[in-house]
Amino acid sequence: MEVNQYLEMFIDESKEHLQSCSEHLLDLEKNPNDLAIVSEIFRSAHTLKGMAATMGFEDLADLTHKMENVLDAIRNEKISVTSEILDVVFESVDHLEEMVNDIASGGDGKRDVSQTVEKLKRIEAQEPIDGIAVPQVEEVATEAVESKLSFDTFEKTVINQSFDQGFTVYEIYVKLRDDCLLKAARVFMVFEILEKIGEVIKAVPTVEKLEEEQFDSEFYIAFVSKEDTTALQEKLLKVSEVELVEVTAVSKAQFNAPEEQQQPEPVVAPVQQTAPVQQAPAQVVEQKPAEKAPAKAQVATSKTIRVNIERLDILMNLFEELVIDRGRLQSISSEVNHSELTETVERMSRTMGDLQTIVLTMRMVPVETVFNRFPKMVRQISRDLNKKIRLDVIGAETELDRTVIDEIGDPLVHLIRNSVDHGIESPEVRRANGKPEEGTVQLRAFHSGNHVFIEIEDDGAGVNREKVLSKAIARGLVTPEVAPTLSDKQVAEFIMAAGFSTADVISDISGRGVGLDVVKTTIESLGGQISIDSTPGKGSVFSIQLPLTLSIISVMLVEIEKEIYAIPLSSIIETSIIRTSDILNAHNQKVIDFRGKVVPLVFLEEIFEVPRTEPANDGFHSVVIVRKNDKLAGLVVDSFIGQQEIVLKSLGNYLTNIFAISGATILGNGKVALIVDCNALIK
Amino acid sequence: MTNITTEVESMKVIVFQLADKEYAVPVAQVRGIEKLMHITRVPKTPHYVKGVINLRGVVTPIIDLRERFGLPLPADEETTRIIIIQLEDMEVGFVVDSANDVLDIAMEAIEPQPEVVGSYEEEFISGVAKIDNRLLILLHLEKVLIM
């Protein structure tokens, strides 16, 4: 079987199913008696097993199978849910994730899982179920129950009448090929055939939805006819691009039986020989709409397509080229001063503005893709540390550019580990301090202006002022004299300084002394900022501010001698022209009084060692006031050129870590301008 | 003689001039040869890093080889070229006096003896090759690029 073309899809789908397994397992842990959740997990696992077997990943299929056995036993109430069992199931899911990742990176998905398999077997053996073949049989039955259509009173009446008139009632399952192009046309053809030989009572999804192609690739039909099953099946299979047709006759007794006992027998085996396995890809595409909550079904109605991320990257690159050319056109048109040219360029610029919004929003991904691995992680760590911790996730639907998403995962892992390890106290300590035993870590994401904020709040011990201060003094970060004057916030900021760790016991969760400073550096390299607020005894909040996108930013172009630099607009408070006489001296630092605040001046000419051919001082200075958190600085330049949208480019792999330069851009005249890193200039 | 043996026994190189000597880099590592264009100075970098250029939309750092080797600096000439070199994941341009030639050097003509040339650029040399009456100095690119 040619599997390569499905490999990518297999990996995507497997990851989705594993994610859903993890999520439901966490749910199950909270509600151990809710067997509906077990069924969900079972379904995901079962689909995964089928896909893995079809794709020839035996180890993956085998482990899933063993896990499935345990789930089946739970579902059939032969085993009750305990955290020990869940641990093993989680472990299996972890292994499965590793396997899928291995396959994704080109491996064969093989992995030694004998220990986990042994554990699974032992759990299963506590209440031995009848051999391994049993679940297989049951699955088929289960699916039939799941796929059962539900009917309203009117439909039931019609069906009952049909029984009385000697018609047979069929439940038909049709699956179209995944690459089917004209789904609506195929649906039409199927219905045309059916309507010639009988009557369609009901379709799931509804006929309207089917005609609008608002379904994945499969649908169910309740059908009354006098044809026999084989004839029906053959007729339907004649429609091209139909992959699978299952026709199940429903007897009157079954139909009228109470819900739980409906066990329609599959009268005709599925057409394909290795049905249970081959059927699996049918479910891959999406769960049956009928089973989804109504809200979900509505979401699905908006039409979407899957686009390879590489294509979006290429689109973005091409668009960046256009932005550079637009800059060039703008500068040419202002030189030429030809009214029609100017008009055209202006119109083009407006269109490109709209285009830019669209291109950028297309690349937005919900932070959920990063957040969804945290619940499991927190569960694992809290068990390792014997702490009771609840993780609340708020705003997982907040969207961020993919480039930012790719980078933000590791820093967040670190911060959450930090909160769980250092922040939340052990249950005994919490009880002694009059707090609930269960600690809470809240992970929040929200939009504000041109930024996305991610906050991690815990109700733990907070930053221990004394401990941090003594360490900061020992490290020479602050003098003992100044220490008492520092605010709690300033003290808390120390824990993000390089090589700082106050954990008494160095655990392998965090506290290796490398960490928070790395987090800080990573976030700043993304053009973001991180701050911490902490109240001793009450808890801490880490707040991360991130730009919506990294590739196109608004800047203010400034000139120093003949050199042009770009200052990100996001850091700029305002620009101002000051007199030389306005400059004051304080502790060898030139400062100005800016709206009642003392603002230190930074002469970019000195910082960047700009070669001077003639002294530019004419008694006035152009100053750009920039901000980092609540600190200000005035960057002194020769003159302001203006505001522009630019494309951020890296300086390449040779020039790295250039002081106070965060990157480069290409100007309208084709020259390179450097982008000033304001964060590095403010201490 | 077959093509295969030629490939094994010789190496194609780009030959360029720097002061009074001729240097060579393997053609496989050369991405292109450009005329001198506007270079944007990058502050706080070693003195031999002239800055960055816009190479068809890619910001590319430029190293002045004369400065790198401690040679006296002449005024920019019409013949001055930037040779774009690719080394692993880095792309860097070298400013040279002129780019002269593309040559095949037989492997056996390469001697790993840097003593025969002057001392100042010795550490950047991986070997020398004598072809007819010309002495070509083969550059050790990794060492040239180490800051």
Side-chain angles (χ1 to χ4, degrees), chain A residues 314 316-328 551 557 559-566 602-613 646-677 680-681, chain B residues 25 29-32 34-69 73 75-76 80 82-96 124 139-147:
Chain A
I314 296 170
M316 190 68 196
N317 287 341
L318 290 174
F319 185 75
E320 286 172 359
E321 297 291 315
L322 271 182
V323 172
I324 292 168
D325 287 341
R326 171 182 65 182
R328 184 155 214 159
S551 42
L557 294 179
E559 203 167 22
I560 306 159
E561 188 68 1
K562 294 239 156 25
E563 298 183 356
I564 294 175
Y565 289 89
V602 178
F603 289 81
L604 284 190
E605 173 190 340
E606 289 167 19
I607 298 280
F608 292 149
E609 297 158 342
V610 181
R612 275 275 177 214
T613 45
I646 55 142
V647 176
L648 200 86
K649 301 243 175 195
S650 99
L651 285 173
N653 292 320
Y654 181 60
L655 296 176
T656 49
N657 293 324
I658 307 288
F659 175 74
I661 298 292
S662 61
T665 186
I666 293 166
L667 298 175
N669 60 11
K671 290 181 188 168
V672 179
L674 301 178
I675 299 166
V676 179
D677 178 7
L681 291 174
Chain B
V25 286
Q29 287 180 298
V30 175
R31 314 296 304 168
E34 306 286 329
K35 288 197 173 176
L36 204 56
M37 57 179 94
H38 179 270
I39 300 178
T40 302
R41 193 184 63 89
V42 180
K44 310 243 172 183
T45 48
H47 62 98
Y48 52 82
V49 176
K50 299 301 283 179
V52 287
I53 60 165
N54 165 19
L55 185 68
R56 288 175 289 275
V58 179
V59 177
T60 311
I62 300 299
I63 290 175
D64 190 325
L65 277 194
R66 272 186 177 254
E67 289 228 35
R68 186 68 174 125
F69 296 162
L73 293 183
D76 290 343
T80 306
I82 298 174
I83 300 185
I84 310 293
I85 303 282
Q86 170 133 32
L87 189 68
E88 285 155 28
D89 57 349
M90 290 189 283
E91 221 167 82
V92 177
F94 288 158
V95 180
V96 300
F124 307 121
L139 279 185
H140 195 300
L141 291 174
E142 283 88 350
K143 287 188 180 158
V144 176
L145 290 183
I146 285 171
M147 291 233 197

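Naming convention: chains lettered A, B, ... in sequence-line order (proteins, then strands); numbering from 1 in each chain.
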Name the one of B/L55, B/V42, B/N54, B/I53 that satisfies side-chain contact (heavy atoms from CB on, under 4.5 Å) with A/V672?
-> B/N54

At what distance, to the nearest 0.5 angstrom, does CG of A/N653 lie from CD of B/E88?
-> 10.0 Å

Between A/F608 and B/R41, which heavy-atom pair has the shortest distance, and what is it?
-> O-NH2, 2.7 Å

Heavy-atom distances under 4.5 Å only: say whether A/I658 touches chain B with side chain, backbone, both or neither.
-> side chain

Should we say atom CZ of B/R66 is surrounded by more than 12 heavy atoms from elsewhere, each under 6.0 Å from it?
-> yes

Can you name the closest pair of heavy atoms from A/Y654 and B/I63 and give their distance?
-> OH-CD1, 3.1 Å

Distance in Å, A/L667 CG paired with B/T40 OG1, rounded so as to fall on 0.5 Å steps | 7.5 Å

Heavy-atom contact with chain B under 4.5 Å, split by part of A/V610 | both

Given the options A/K649, A/E321, A/E609, A/K671, which has more heavy-atom pairs under 4.5 Å with chain B than any of the others?
-> A/K671

Which pair of heavy atoms, one from A/L655 and one from B/P61, lies closest together, and at what distance?
-> CD1-CB, 3.7 Å

